[in-house]
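Quick one: structure below, then a few questions.
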Amino acid sequence: MSGPPAVWQAAGPVLAPLAVALAAISIIVAAAGENPAAALRTLAAGSLGSREGLAMTLFYTTDFIFAGLAVSVAFRAGLFNIGVEGQAMAAGIGIALAALYAGALPGALALPALALAGAAGGALWALVPAWLQARRGSHIVITTIMFNFIAGALLGFLLNGPLGAPGSMQPESPAFPAAAAMPRLDDALRAMGMTPTDTPLNLCLPLALAAAFAAHVLFERTRLGYEMAVLGASPPAAAYAGISPARIMMLAMILSGILGSGLALNELTGAQNRLILEFTGGYGFVGIAIALTGRNRPAGIVLAALLFGALYQGGAELAFERPKITRDMIVLVQGLIVLMAGCFGARARSGEA
Amino acid sequence: MVPALEFIGVTKRFGGVAACNGVSFQAAQGSIHGIIGENGAGKSTLMSILCGARRADAGHIRLDGRAVNFASPRGAIARGIGMVHQHFMLIEAMSVLDNIMLGAEGGPLLAKGRAAARARLAALERDHGPAVDPDAIIADLPVGLRQRVEILKALIRGARILVLDEPTAVLTPNETAELFKLMRRLRDGGACILFITHKLGEALDVCGRVTVMRRGGIVGEFDTAQTSAARLAEAMIGRPVEAAANDRIRAPGAVILRARDVRVSDPSGAARVKGVSLDLREGEILGIAGVSGNGQSELLEALAGMRPIAAGTLAINGAAIDARARNPRAMRALGVMHVPEDRLKHGLVADFPASGSAMLGFHREARYGGALLDRAAIEADCAAKMARWDIRPPAPNLATRGFSGGNQQKLILAREIERDPLILLVGQPTRGVDIGAVEAAHARLLALRAAGKAILLISNELDEILALSDRILVMCGGRITGERSPGGTSARELGLLMAGAADTAA
Amino acid sequence: MPDADMLLSILASGVRLSAPVLCACLAGLWSERAGIVDIGLEGKLLAAAFAGAAAASLTGSAYAGLFAALGASLALALLQGYAAIQRGGDQIVCGMAVNMIAAGATALAGAAIFGEGGRTPGLEGAARFTPVFAGQDGLAFAALACVGVTSFILFQTRWGLRLRAAGENPQALAAAGISVSRTRYGAVAVCGLLCGLGGADLALSQAAGFLPGMSAGKGFIALAALIFARWQPGAALASCLAFGLLDAAAIRMQGAALPGLGPVPVQAIQALPYILTIILLAGFIGRSAAPAAAGVPYKKE
């Protein structure tokens with residue numbers, strides 16, 4: 001329960017995946033007949049070496065913190081939520097409905113209303129599998145996979161029909177009203193008379209960090225966190241202690257869905273300003289890699305999210321410079337890191353108190 | 001004559017601890033050889049080496065005078081060693097025949113092997129008695145028959161050395177008698193049987209010679225015709241056994257817990273407790289004896305609020321407990337504390353630091369903070385418990401799994417007893433703990449009784465029931481089959497009641 | 001209104017579409033019967049499709065493609081098996097990893113080797129499998145044959161008995177002197193080969209080449225079909241055919257109106273297998289129980 005500061009505890013596990021990532025990238029790049037050292041330089045410079053690169057890295061980091069926290073809060077209670085992707089899609093639908101139909105909310109209320117609508121969508125999409133697991137014993141891994149596909153189909157149907165932009169052949173909604181745009185870093189820079197970064201980095205980053213801090217308090221300092229950890233580590237002990245598994249499962253999944261909605265908020269109000277297909281970009285699955293790498297600790301998750309943010313941004317720069325090395329390389333590297341976590345971190349699913 | 005089986009200086013270490021240390025003994029063909037010792041004495045480790053599941057660090061085993069060293073269970077089976085594990089190695093969803101064939105299928109296609117296995121099964125049953133339907137599904141068979149399938153499995157592979165690991169723990173006395181009959185028949189047929197047990201009476205009954213193990217080594221070997229249970233017990237424990245001083249001189253107090261016609265079903269809907277009524281009075285220990293699996297566990301968990309009660313009524317101090325209050329939280333609030341039967345499954349969280357386990361079930365209480373936990377208070381509370389109960393090491397931050405069984409059990413007893421229970425429900429308080437912890441646990445329970453508390457004790461150890469109880473109820477098949485006072489009964493009489501014999505004394 | 005011709009053509013294409021799903025479903029059946037839950041079917045299908053199309057395109061031979069597909073999927077299966085069996089890793093995590101590795105590696109290698117955004121060049125002639133009978137090619141018949149073979153091996157042979165034992169109670173198998181990990185590796189290898197067959201069918205028969213992400217959730221549909229089939233080979237055939245027909249109907253009936261219901265959105269039909277699976281898992285239409293030890297890493301004492 002005590003020990004070195006959480007940040008240092010969390011940093012250790014992130015170093016091994018970092019090494020794996022760098023080694024794998026070097027090998028892949030060499031196999032493609034390019035210079036690994038140059039590629040790694042491009043990766044580093046593209047993700048951390050400029051204001052723009054850094055801002056984009058932090059934009060992805062925001063997505064990944066939310067996704068990683070969403071996976072980890074469920075992990076804590078012993079639930080493997082593979083459905084963050086679908087929950088984020090449902091959150092996106094909620095956000096779009098609020099943005100397009102809530103009418104003229106005063107500016108100050110518009111964004112909180114959107115966030116609430118998104119949270120409600122994500123929570124609802126997580127709650128059904130949770131209820132099925134708690135009350136009907138349906139395996140949550142399978143049900144959340146199925147819910148991802150159902151969310152995808154629903155999103156496709158809405159964008160091709162009721163929510164589609166009139167007159168557009170693209171599966172996308174009309175643009176959101178101006179009040180639905182999250183304040184961006186660029187707005188602040190402009191206000192201070194500095195050069196904008198021309199990136200979508202926005203207020204969701206501090207929100208994500210606040211969520212990470214809240215998750216830390218939840219896990220380490222609260223009765224609810226203790227009850228979640230008991231259930232995650234030993235369901236029979238939870239039954240003995242009078243902890244209702246159904247209540248904890250549903251609460252954990254609701255929190256997971258709400259955290260997952262942060263991903264949708266960041267993408268839709270921060271960058272897209274409309275609802276589009278595949279705006280989740282597989283980031284819900286990246287959340288699994290983040291939670292495993294960060295060992296279910298919020299500080300570790302923030303660091304892991306930063307690592308993956310840099311990889312995604314650096315990978316995009318690399319692909320731009322060397323078209324043969326597409327950004328898919330990062331998905332491959334992420335798979336290798338998850339495989340490593342699977343090999344060496346078999347205890348990942350139970351919450352450690 | 002060359003012994004059928006010989007252990008020579010067999011040693012096995014886990015980490016730095018020697019589970020078996022230079023074990024040497026022999027067993028002859030056509031004999032039943034007992035191996036007795038407390039939990040953790042090294043019996044199971046020794047047998048796992050014999051059946052090829054583990055390899056010895058030093059020493060070796062001889063079969064018929066020839067040294068063997070098994071790399072896997074396969075080698076052991078091939079050399080005629082048949083192991084009947086305490087937890088049956090059967091596949092519940094499959095038939096008896098398929099279970100018996102597994103690993104000895106008689107060729108790549110099952111059809112031929114099935115016919116052969118049927119024929120051999122029929123032959124074995126001619127020689128050794130009662131039949132098991134080869135097409136029955138294991139899940140549908142009672143425990144006694146499942147054990148018979150395990151023995152048949154070994155015999156059909158031509159086992160000449162049969163190892164039975166605590167085979168009677170799950171049997172009724174009747175089934176035990178049947179098993180002993182079979183064992184004697186096999187012995188007379190020339191088999192060498194190793195009978196592992198911690199029940200001295202059974203060892204004296206069925207074995208010719210008995211080897212006693214303690215702390216990984218052999219402390220004595222006895223001819224059962226020339227020894228007594230007391231001498232075996234002394235060898236097993238290492239000193240004369242002292243029963244906890246139990247002065248049963250008190251008038252029964254008022255009824256604290258009243259249960260009437262309580263029925264409990266398991267999640268699959270099968271009735272496990274079929275109408276139990278009992279009165280638990282203040283200042284008494286009410287013992288419930290029974291063969292494991294006869295509804296005692298379900299009764300205990302139902303009274304603790306962990307299992308729903310299908311029918312019947314409960315009252316504490318005359319006030320009815322309605323269905324909404326029948327959950328662990330509400331029962332604790334009413335003063336019903338619970339030392340569960342399986343401490344690592346229910347009573348503790350193995351991965352948590354001891355301080356996290358020490359508040360399990362009471363974690364909602366104000367002294368631990370509230371919605372926001374007070375970490376300092378939690379650790380201080382655990383440290384205080386460790387000091388008062390002599391729990392070692394006194395380290396609240398050490399993972400619960402790092403403590404010995406006895407210290408884990410003391411942590412649970414401390415947690416439940418210090419909360420000043422009105423009623424204490426206790427299941428298997430001394431299973432798998434060392435003698436020191438047994439004595440401490442018994443003393444604390446007797447002190448609690450002396451303080452006027454009501455204690456319901458469930459144990460598979462008849463000796464423990466007899467030593468501690470003021471009254472004894474016997475359960476069989478989900479029902480109470482008799483009530484006795486410890487002074488006016490014997491282990492033999494209780495055994496008959498545990499087997500479901502009609503209660504003639506009532 | 002759909003007429004008879006349309007129904008017939010839906011039927012034929014439904015059978016065709018169900019072949020890769022059937023392969024993946026049988027693959028999952030082998031793996032899960034032996035106690036390894038496999039959510040990496042999708043990744044293995046995709047890797048096989050890419051390897052098959054790449055090899056066929058480079059050699060001009062569909063058979064070279066088939067072998068490459070089998071090999072790629074087998075290699076991934078063994079990697080997944082190493083993590084889940086040898087290292088005792090979480091099976092869900094291992095399956096997830098395989099999906100990511102396959103998605104990343106195929107698109108990356110496709111782009112690096114062929115340019116064209118990760119696609120392989122279109123395959124034609126001897127580089128593809130073509131129908132041999134009733135509009136179905138050899139791979140589809142091979143998939144069909146696998147149903148019978150699987151059923152025979154699982155229930156009539158020594159290997160099958162041991163394999164099912166590994167999925168129900170691995171401790172009992174080990175006590176009988178049989179290596180649990182070797183048994184599970186065998187099952188995982190067959191799982192890889194079956195996914196390889198399915199992937200080859202996707203890229204060399206249904207399509208003429210590889211497209212990034214072309215498995216398009218078929219590995220997960222196979223998982224759903226497996227649950228529907230209650231881990232029985234014959235029932236797996238039935239549920240895969242049913243899902244294939246749904247898929248064909250969804251394509252043909254785009255925008256068509258059903259009597260009394262009006263136009264049915266194509267997404268609703270596409271989502272139907274997933275919705276049905278959830279209803280089944282919820283226990284509203286009977287129960288479907290997995291092998292008792294599926295998902296539990298086996299640790300030797």
Side-chain angles (χ1 to χ4, degrees), chain A residues 28 31-34 80 82 128-129 131-133 135-139 141-143 145-158 160-161 282 285-286 288-289 292 319 323-349, chain C residues 37 39 43 79-80 82-84 86-113 115 117-118 212 217 220-221 223-224 227 265-278 280-284 287 290 295 297 299:
Chain A
I28 294 165
E34 305 268 357
F80 203 148
I82 300 195
V128 180
W131 183 86
L132 288 169
Q133 172 81 66
R135 295 285 179 217
R136 314 286 311 184
S138 326
H139 204 303
V141 167
I142 305 291
T143 50
I145 289 176
M146 303 293 144
F147 264 73
N148 283 342
F149 285 102
I150 298 171
L154 181 63
L155 190 59
F157 164 70
L158 290 175
N160 284 301
F285 299 114
V286 182
I288 297 171
L292 288 171
K324 270 173 94 175
I325 305 168
T326 61
R327 232 177 96 177
D328 303 300
M329 178 176 70
I330 303 304
V331 178
L332 170 56
V333 168
Q334 165 192 322
L336 292 173
I337 290 174
V338 171
L339 187 71
M340 245 195 39
C343 283
F344 301 108
R347 301 189 50 73
R349 279 165 86 172
Chain C
V37 168
I39 66 163
L79 180 68
Q80 188 181 354
Y82 169 77
Q86 209 98 342
R87 309 279 328 179
D90 186 303
Q91 297 177 3
I92 305 297
V93 171
C94 297
M96 207 67 224
V98 161
N99 288 337
M100 291 176 182
I101 290 171
T106 54
L108 177 67
I113 301 172
F220 292 110
I221 288 272
L223 216 53
I227 293 164
V266 62
Q267 291 89 356
I269 303 178
Q270 281 166 349
L272 200 53
Y274 303 113
I275 294 170
L276 289 174
T277 305
I278 291 202
L280 179 76
L281 282 172
F284 294 124
R287 274 274 157 200
K299 261 198 218 119

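A, B, ... follow the sequence lines: proteins, then strands. Residue 1 opens every chain. Heavy atoms only: backbone and side chains are in, while hydrogens, waters and symmetry mates are out. What you are looking at is a predicted structure, and each value in this text was computed from that prediction instead of being measured.
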Revision key, fill the gap. On a heavy-atom basis, the closest approach of C:A97 and A:V338 is CB-CG1, 3.7 Å
Check your understanding: Which bit of C:I39 comes within less than 4.5 Å of chain A, counting heavy atoms only: side chain, backbone, both or neither?
Key ->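 Side chain only.
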Exercise for review: Under 4.5 Å heavy-atom distance to chain C, tell me which part of A:N160 shows up: side chain, backbone, both or neither.
Suggested key: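 For A:N160, the side chain is the part near chain C, not the backbone.
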Practice item. On the 0 to 90° scale, with breaks at 30° and 60°, tag the A:F149-C:Y274 ring pair as parallel, tilted or perpendicular. Key: parallel
Point to revise | Structural part of A:I28 lying under 4.5 Å from a heavy atom of chain C | key: side chain
Review point. Any idea which of C:A109, C:A112, C:G118, C:A83 has the most non-hydrogen atom pairs under 4.5 angstrom with chain A?
Key: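 Looking at each option in turn, the highest pair count goes to C:A112.
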Practice item. Under 4.5 Å heavy-atom distance to chain C, tell me which part of A:I337 shows up: side chain, backbone, both or neither. Key: neither
Review point. Using non-hydrogen atoms only, which part of A:I288 is less than 4.5 Å away from chain C: side chain, backbone, both, or neither?
Key: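 The side chain, not the backbone.
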Review point. How would you list, by chain and number, every residue that makes a side-chain contact (heavy atoms from CB on, under 4.5 Å) with C:P297, sequence neighbours excluded?
Key: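 side-chain contact (heavy atoms from CB on, under 4.5 Å) list for C:P297, sorted by chain: empty.
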Point to revise | Closest non-hydrogen atom pair, A:T326 against C:A111 | key: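 Taking A:T326 first and C:A111 second, the nearest heavy atoms are CG2-CB, 3.5 Å.
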Point to revise | Heavy-atom side-chain proximity of A:F80 to C:V93 below 4.5 angstrom | key: yes
Practice item. Would you name the heavy atoms of C:L281 and A:S138 that are closest together and state the gap between them? Key: O-OG, 3.0 Å
Check your understanding: Atom CZ in A:R327, atom CG in C:L108: separation rounded to 0.5 Å?
Key ->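 Result: 13.0 Å between the selected atoms.
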Exercise for review: Select one option (side chain, backbone, both, neither) describing which atoms of A:I145 are under 4.5 Å from chain C's heavy atoms.
Suggested key: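 The side chain, not the backbone.
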Practice item. Determine the minimum heavy-atom distance between C:M96 and A:F285, stating which atoms define it. Key: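 The pair with the smallest heavy-atom distance is CE-CD2, 3.3 Å.
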Point to revise | From CE (A:M146) to CD1 (C:I221), nearest 0.5 Å | key: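 Spacing of CE (A:M146) from CD1 (C:I221) equals 7.5 Å.
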Exercise for review: Evaluate the side-chain proximity of C:I278 to A:I150: yes if any heavy-atom separation is below 4.5 Å, no if none is.
Suggested key: yes
Exercise for review: Could you tell me which residues satisfy side chain to side chain donor-acceptor pair (under 3.5 Å) with A:T143, sequence neighbours excluded, listed by chain and number?
Suggested key: none
